[in-house]
Amino acid sequence: MNAAGSLRGRLAICPGSFDPVTLGHLDIIRRAAKMFDQVIVAVLVNPGKNPSFTVEERMDMLRRSVDGIGNVTVECFDGLLADYTRQKGAQVIVRGLRAVTDFEYEFQMALANRKMNGNIDTVFLTTSAEYMYLSSSMVKSIACFGGDISDFVPACICREISERLCLPAYRRQPDDVSK
Ligand code: PNS
């Protein structure tokens, strides 16, 4: 809270891999944008995690997905989140919580980040019920077998993800209604 006891005036960071962004992520970003004056969606440059999309692709998909939300910008970061938040002068990290199983890891991360940057607080937003089961890895595994991901990712990036990830054996032909 600032001196006025408000979340207003605060810069919040929504960090993640976003490989790719899902409707669950977008829901959290939209809600964070209503709570804070400025929100930076920060994409982790994580070569170690062997992402399916490059950092530029992930940022581009995010930018198109948040188009129209005036106080949200998309950036990327390398290294420690605590260092990045310090460099940006942010006061808040926003993370979505889907289930109790997320909590232990998120709690550990929040404590470690606060130990490394005493000026940062982590705010957890509970996921909207319709996105409780949703994750980037689930989207990728459906897309690679030619499944319909339109209920899971923003419409503007749906086709691009499907075309990119669908394995050749599962590609639908225009006149094929069997798959
Ligand atoms: O979308 P994800 O993969 O759940 O996001 C995880 C992320 C990017 C928030 C986390 O891995 C992270 O902050 N990585 C940066 C390195 C770091 O700061 N590690 C220490 C955190 S305790």
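Positions are given from 1 along the sequence. One-based numbering, in listed order, for ligands and for the atoms of each.
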I need the full list of side-chain hydrogen bond (donor to acceptor under 3.5 Å, both in side chains) pairs touching residues 107-116, with sequence neighbours left out, sorted by first then second residue.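 Found Arg114-Asp121.
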Taking atom CZ as the centre, does Phe107 end up with more than 12 heavy-atom neighbours from other residues, nucleotides or ligands that are less than 6.0 angstrom away?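 Atom CZ in Phe107 is not crowded, with 12 or fewer foreign heavy atoms closer than 6.0 Å.
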Which ligand 1 atoms, with their elements, are less than 4.0 angstrom from a heavy-atom of [X]?
| X | answer |
| --- | --- |
| Leu44 | 8 (C), 14 (N), 15 (C) |
| Gly79 | 15 (C), 16 (C) |
| Ala112 | 22 (S) |

For [atom], find the nearest protein heavy atom and state the residue, atom name and distance (0.1 Å precision).
| atom | result |
| --- | --- |
| atom 19 (N) of ligand 1 | Leu80 CD2, 4.0 Å |
| atom 9 (C) of ligand 1 | Arg95 NH1, 3.5 Å |
| atom 22 (S) of ligand 1 | Met109 CG, 3.5 Å |
| atom 1 (O) of ligand 1 | Ser17 N, 2.9 Å |
| atom 11 (O) of ligand 1 | Tyr105 OH, 3.8 Å |

Counting heavy atoms only, which part of Gln108 comes closer than 4.0 Å to ligand 1: side chain, backbone, both or neither?
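Under 4.0 Å from ligand 1, Gln108 contributes no heavy atoms.
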Should [X] and [Y] count as an ion pair when the cut-off is N to O under 4.0 Å?
| X | Y | result |
| --- | --- | --- |
| Asp83 | Arg86 | yes |
| Arg63 | Glu56 | no |
| Arg171 | Glu163 | no |

Q | Polar atom proximity, Asn113 to ligand 1 (N or O, under 3.5 Å) | A |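 In this structure, Asn113 places no N or O atom under 3.5 Å from an N or O of ligand 1.
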Distance-only N or O hit between ligand 1 and Leu81, under 3.5 Å:
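Yes: some nitrogen or oxygen of Leu81 is under 3.5 Å from one in ligand 1.
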With side chains defined as the heavy atoms from C-beta onward, is the minimum distance between Pro20 and Ser136 less than 4.5 Å?
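A side-chain contact exists here, since the closest heavy-atom pair is under 4.5 Å.
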Check: How long is the gap from OG on Ser135 to NE2 on His25, to the nearest 0.5 Å?
Finding: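 Interatomic distance, Ser135 OG to His25 NE2, rounded to 0.5 Å: 8.5 Å.
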Report, one line per pair, each donor and acceptor closer than 3.5 Å where one atom sits in a side chain of residues 138-150; sequence neighbours left out.
{"unit_1": "Lys140", "atom_1": "NZ", "unit_2": "Asp19", "atom_2": "O", "d": "3.1"}
{"unit_1": "Lys140", "atom_1": "NZ", "unit_2": "Asp19", "atom_2": "OD2", "d": "2.8"}
{"unit_1": "Lys140", "atom_1": "NZ", "unit_2": "Ser52", "atom_2": "OG", "d": "3.4"}
{"unit_1": "Asp148", "atom_1": "OD1", "unit_2": "Ser150", "atom_2": "N", "d": "2.9"}
{"unit_1": "Asp148", "atom_1": "OD1", "unit_2": "Ser150", "atom_2": "OG", "d": "2.7"}
{"unit_1": "Asp148", "atom_1": "OD2", "unit_2": "Ser150", "atom_2": "OG", "d": "3.3"}

Within-cutoff protein neighbour (heavy atom, under 4.0 Å) for atom 15 (C) of ligand 1:
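Given the 4.0 Å limit, the answer for atom 15 (C) of ligand 1 is yes, a protein heavy atom qualifies.
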